[in-house]
Amino acid sequence: MSLENCRANAFTCCVITFAFLCAYAVTFLVVMPLQNALFGETQVWRSVLYLPHGVCVLATMLFGWRAIVPPTLGSTGGLFFFSADRLVEIGALSSGLAAIATAACAFVAFEVFRFFGRNHYATPAANVQWRSVFAVGILAALIGAFAKSNLLCAPGSCEGNMHDYWLSVSGSICGLFAVMYVLMHLFRRARLSGRDWA
């Protein structure tokens, strides 16, 4: 691999990690205070609007398996910077596994679809089908929530774990929808601006 490719990959990794951290920060600093005020205290991964999931899904759509490492770093960084007390409480091993699960669930979902003949990765030859990506994101939310509800919640009843699970699923899906909605409008405005300048 050439030095130029190494630099490009490192830059991509930094951008995705930064995007994930920004999404985590917005979720933690904006969404969670409102949610906690209305519904009581809960953890960020059970947010009603978990924006980092959208970053994971879209990054994986663009870069495939290479998008696993940046969200892992971003998830670990988010726990360290914003939830250090929680990091100590659940332990390094569970936190690390949850970070990997958060990052890898989108890749697993894309691969499941590809196994059944539906390749939804972005390619130069095909336009992005947002509905297909959203379907992949729903499957990724189901997979990621299963891992996080078992790794990040305190041992308790099966009913409690199921409650955590469905909160995580719904929050991840809403977060993906919000990120996709914003990006679609940004792309649309960029296209219109390009026409205005033409």
Side-chain angles (χ1 to χ4, degrees), residues 16-60 70-92 94-106 109 130-131 133-186 188-189:
I16 297 173
T17 303
F18 180 73
F20 188 99
L21 280 171
C22 288
Y24 193 102
V26 171
T27 301
F28 186 87
L29 298 174
V30 178
V31 177
M32 291 307 297
L34 293 173
Q35 181 177 339
N36 290 339
L38 292 172
F39 305 112
E41 293 290 326
T42 189
Q43 301 300 323
V44 66
W45 64 276
R46 290 178 290 195
S47 168
V48 296
L49 192 66
Y50 188 70
L51 298 172
H53 183 67
V55 176
C56 286
V57 172
L58 296 179
T60 305
T72 301
L73 297 175
S75 182
T76 304
L79 281 170
F80 180 79
F81 288 115
F82 300 104
S83 307
D85 54 339
R86 183 66 178 166
L87 188 63
V88 173
E89 180 184 343
I90 62 180
S94 293
S95 300
L97 291 174
I100 294 170
T102 298
C105 65
W130 292 107
R131 290 181 182 176
V133 175
F134 192 69
V136 176
I138 291 173
L139 178 59
L142 293 167
I143 296 168
F146 177 79
K148 288 185 285 187
S149 64
N150 284 282
L151 290 168
L152 296 178
C153 64
S157 67
C158 184
E159 180 183 353
N161 283 342
M162 286 303 294
H163 178 67
D164 293 332
Y165 174 79
W166 288 113
L167 276 176
S168 180
V169 169
S170 60
S172 294
I173 293 172
C174 290
L176 172 62
F177 179 81
V179 171
M180 289 176 63
Y181 182 82
V182 169
L183 286 178
M184 283 190 291
H185 277 271
L186 288 176
R188 183 173 181 272
R189 297 191 76 171

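Listed here is the closest heavy atom pair of Gln35 and Val48: OE1-N, 2.8 Å. The two residues Ala99 and Thr76 make their nearest non-hydrogen contact at CB-OG1, 3.5 Å. In terms of heavy atoms, Ala141 sits closest to Val169 at O-CG2, 3.8 Å. Shortest non-hydrogen contact noted between Ala145 and Ser168 is CB-OG, 3.5 Å. The two residues Val55 and Ala19 have their closest heavy-atom pair at CG2-O, 4.0 Å. Shortest non-hydrogen contact noted between Val57 and Ala140 is CG2-CB, 4.5 Å.
Applying the side-chain hydrogen bond (donor to acceptor under 3.5 Å, both in side chains) test to residues at least two apart or on different chains, the pairs with a partner in residues 175-184 are Tyr181-His185. Every pair tested for side-chain hydrogen bond (donor to acceptor under 3.5 Å, both in side chains) that includes a residue from residues 49-58 fails, sequence neighbours excluded, so the list is empty.
The structure places OG1 of Thr27 at 9.0 Å from CE of Met32, a figure rounded to the nearest 0.5 Å. Summarising the geometry, atom CD1 belonging to Ile16 is positioned 11.0 Å from atom OG1 belonging to Thr72; distances are rounded to the nearest 0.5 Å. Atom-to-atom distance recorded for Met184:CE and Arg189:CZ is 15.0 Å, nearest 0.5 angstrom. The CZ atom of Phe28 lies 14.0 Å from the CG atom of Leu51; values are rounded to the nearest 0.5 Å. Note: Phe134 CZ to Phe177 CZ = 6.5 Å, rounded to the nearest 0.5 Å. For the atom pair CD1 (Ile138) and CG (Leu176), the distance works out to 8.0 Å, reported to the nearest 0.5 Å.
The closest donor-acceptor contact from the side chain of Tyr24 to the backbone of Gly77 lies at 3.5 Å or more, if one exists at all. Proximity of a side-chain donor or acceptor of Ser75 to a complementary backbone N or O of Pro71 within less than 3.5 Å is not detected. Remark: side-chain polar atoms of Ser170 are paired, donor with acceptor, to backbone N or O of Leu167 under 3.5 angstrom.
Using a 4.5 Å cut-off on side-chain heavy atoms (C-beta onward), Phe20 and Thr102 make contact.
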